[in-house]
Number of protein chains: 2
Amino acid sequence: MKDFVYHNPTEVRFGRGVVASLGARVRAAGLSAVVVVAGGGAARRCGAFGDAVTSLEAAGVAWTPCEGVRPNPDLDGVLRAVQALRDAGAGGFVAVGGGSVMDTAKAAGVCALHDGDPWDHFTRRTTATAAVPVFTVPTLSGTGAEMNGTAVITNMAQQRKWSLRGPTPVAAFLDPVYQRDVPLALAVGCAVDAMTHVLEFAVAGTPCVDAKALDIPGGTYFMEETVLAQNEALLRSIIRSVEVLRRIPGDYAARASLAWAAGLGLCGLTGVGLGGGSWVSHALEHAVSGHFPQVPHGPALAVLFPCWMEEVASEHTPMFERLARNVWGVEGAVEGIRAMRATFDRWGAPRRLAAWGVGEDAIPGLVRAALEYPRPLGLAPERVERIFRSAL
Amino acid sequence: MKDFVYHNPTEVRFGRGVVASLGARVRAAGLSAVVVVAGGGAARRCGAFGDAVTSLEAAGVAWTPCEGVRPNPDLDGVLRAVQALRDAGAGGFVAVGGGSVMDTAKAAGVCALHDGDPWDHFTRRTTATAAVPVFTVPTLSGTGAEMNGTAVITNMAQQRKWSLRGPTPVAAFLDPVYQRDVPLALAVGCAVDAMTHVLEFAVAGTPCVDAKALDIPGGTYFMEETVLAQNEALLRSIIRSVEVLRRIPGDYAARASLAWAAGLGLCGLTGVGLGGGSWVSHALEHAVSGHFPQVPHGPALAVLFPCWMEEVASEHTPMFERLARNVWGVEGAVEGIRAMRATFDRWGAPRRLAAWGVGEDAIPGLVRAALEYPRPLGLAPERVERIFRSAL
């Protein structure tokens, strides 16, 4: 287990009707006016937006809407939210929506307190310590944005989809009922996103004790045994929960378990002791959707993650074998990747980037974008190219 | 998944040498003087005490020792710590030791800010919101006290071992190296304690989807699928880590995984969605060590937990079957309890309360004490008696 610091002070209120307590919680944080950030209408349709503003009003908190955040959110949207905050004289953000909305609010929370070029926060690799308070009301579960301090934003002018790190939200109000009618394809994309967060960390596991030689059942013992066991459990629960939803789309328990697993998946816990994890597949995906904003993050990861695993399998054999056994119930690294693909196929996830019109001609630009990602990939350009090619 | 609030703002610094940053962290919290709480000398012998005060001094934080906290800590020790704080004009506590030391500091942290009878905090079932800040440097991993807000304290005059709930520690400095030389018997007691924390919650799981009928592998799907999967993973990791330590006592990875699992085991995460869990076995154990302070908490739970499971197995069959399969690798609730006992036996844990001189004559007093526990057991007196008898 590598040394680590874990600190996630976000308060999570989880369950049916929890948004009713939003207004009082915002008040308790000392705020009397907020900007409510939302997307294209889904948050209104599922009832979350209405519940949130009703609760704010009941607590006497003034609110101003800032709607229209789009998927793969861009820096302009962040600046628009900052402006809305200043215009309204508001003291914080309430984000009602999916990861794009929550990331926009979190990025705006940091940018609102700093002068200078807002993109600086994305180019430096440090964590911003100051931000205006953000409260989240997730209506999709996948990104884990509701309870972490990261915000992934696209700079359209530069075609760069990079991330900023700042404080975690003050509180998250997670009511799975809002997700009851999320279509399966969207839920699958979110689930894959959550799985890849857990996997980006897990793949960095390090074998350390030959358990078989010591007559300890369960395979090789790893340096980060507890963290890996937890991560594998999250992955299994996500898989089982998606399988339940495929058969019973409105099942509350499955929506709830997925929601909680997605939150845990990127709240910090899944990465402790793993030295930051890999995050190569995410860098590759950010290159893709940074260039092609129509590409949805989760489904693109369903394509890219197995391609990355195939490219690097020989360098990660013990860990990939462990994942094969403990997550997919098969023996062998290659069999594990195959089982992962088969599962994503069964769920109806796309198999190739061509599904979104990404073709051969895009490859040089994607390779360049991936290689200039702030966190180095540790892969030679020809290997990055090979991964993209195998994903086309 | 039942509705829940999860909020654990404790900052965890984990790894080799992390205590070197204690002083600066205490300073950053605005403190210039603290009371350092410790036990009977183990914290000095393993180096933690020296490292802690060296770091405090380097940061210019004045410190006063309050040593001699004993296992199954009592209210007098808490009041002594409060007095030490007042005498020194200190602003917080640094607890260097095991659960007894950390619980004493946390209880003192709450009592120091309130007038009136300090035992009131233990009789009411509410959470104290104010306390002087506490920093923890655990030298044993089992109780999870380093990163939760609970403190279990014995009122010797009343022979009551009850708990108080208050704020979580500001920060925990967890260096597994301090535990390198913890004897196996003590490490096993701690591991069993951690396991029972996870189990007290897990046993409250509720089956909800007949996965087999839906052709979903892995057994019945539960309301709290994600939480249970996580809890089972913790249990498996603890078991595997103890097995490694039995063969390689100084193994850093196993000490580290045990330490992290114990912290996670009672930090709040293992209980979300489970409506508070069972905690009957802990109530039974608190009755025992409330009357017999020589009885160590963890080993006594190794005796009592399986006895409780046997008594209630027919009311918890699906969940006990799930634990049997996912934790112990066997089929059937009774087989699972048997495998649990066999594991504790193999680890050298005591099998009966008689190991500590608890006999037949103690039973009426223990039953009475268990039944007046603040959290109701939901068991008829004759069943409580039967459990104690089977544990003698």
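To find a chain, count down the sequence lines: A is the first, B the second, and so on, and within it residues start at 1. Keep in mind that what you see is a predicted model, and the values were worked out from it rather than measured.
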| query | Non-hydrogen atoms of chain A under 4.5 Å away: do they reach the side chain of B:Pro217, the backbone, both or neither? | reply | backbone
| request: For the pair A:Leu174 and B:Phe4, evaluate side chain to side chain contact (heavy atoms under 4.5 Å, CB included) and give the outcome as yes or no after the intermediate values. | output: CA-CA 10 Å; A:Leu174 219 170; B:Phe4 67 83; over 6 Å; no
| B:Leu264 portion near chain A, given a 4.5 angstrom heavy-atom threshold | side chain
| Proximal component of B:Asp251, with respect to chain A [non-hydrogen, under 4.5 Å] | side chain
| For chain A, the option from B:Gly329, B:Ser241, B:Ala256 that forms the most heavy-atom pairs under 4.5 Å | B:Ser241
| Looking at side-chain heavy atoms only, is the closest gap between A:Ser257 and B:Phe222 below 4.5 Å? | no
When the side chains of residues 205-216 of chain A are checked against the rest of the protein, which donor-acceptor pairs come out under 3.5 Å, sequence neighbours left out?
residue, atom, partner, partner atom, Å
A:Thr206, OG1, A:Glu224, OE2, 3.3
A:Asp210, OD1, A:Lys212, N, 3.3
A:Asp210, OD1, A:Ala213, N, 3.3

| message | So which residue, B:Leu269, B:Val227, B:Leu258, B:Ile238, ends up with the most heavy-atom pairs under 4.5 Å with chain A? | response | B:Leu269
| field | Region of A:Ala254 in contact with chain B, defined by heavy-atom distances below 4.5 Å | value | both
| chain B neighbours within residues 7-17 of chain A, where any heavy atom lies under 4.5 Å away | A:His7, A:Asn8, A:Pro9, A:Thr10, A:Glu11, A:Val12, A:Arg13, A:Phe14, A:Gly15, A:Arg16
| query | What part of A:Leu228 is in contact with chain B, defined as an atom under 4.5 angstrom from a non-hydrogen atom: side chain, backbone, both or neither? | reply | neither
| Roughly how far, to the nearest 0.5 Å, is CD of B:Glu225 from CD1 of A:Ile239? | 11.5 Å
| message | Has A:Ser237 got a side-chain atom pairing as donor or acceptor with B:Ala229's backbone, closer than 3.5 angstrom? | response | no
| request: For each of A:Met223, A:Glu243, A:Gln230, A:Lys2, tally heavy-atom pairs with chain B at distances under 4.5 Å, and name the one with the top tally. | output: A:Gln230
| said: If I measure from the heavy atoms of chain B, does A:Val18 come under 4.5 Å with its side chain, its backbone, both, or neither? | reply: neither
| query | Any donor and acceptor pair, going by atom type alone, linking the side chain of A:Arg240 with main-chain N or O of B:Thr226 inside 3.5 Å? | reply | no
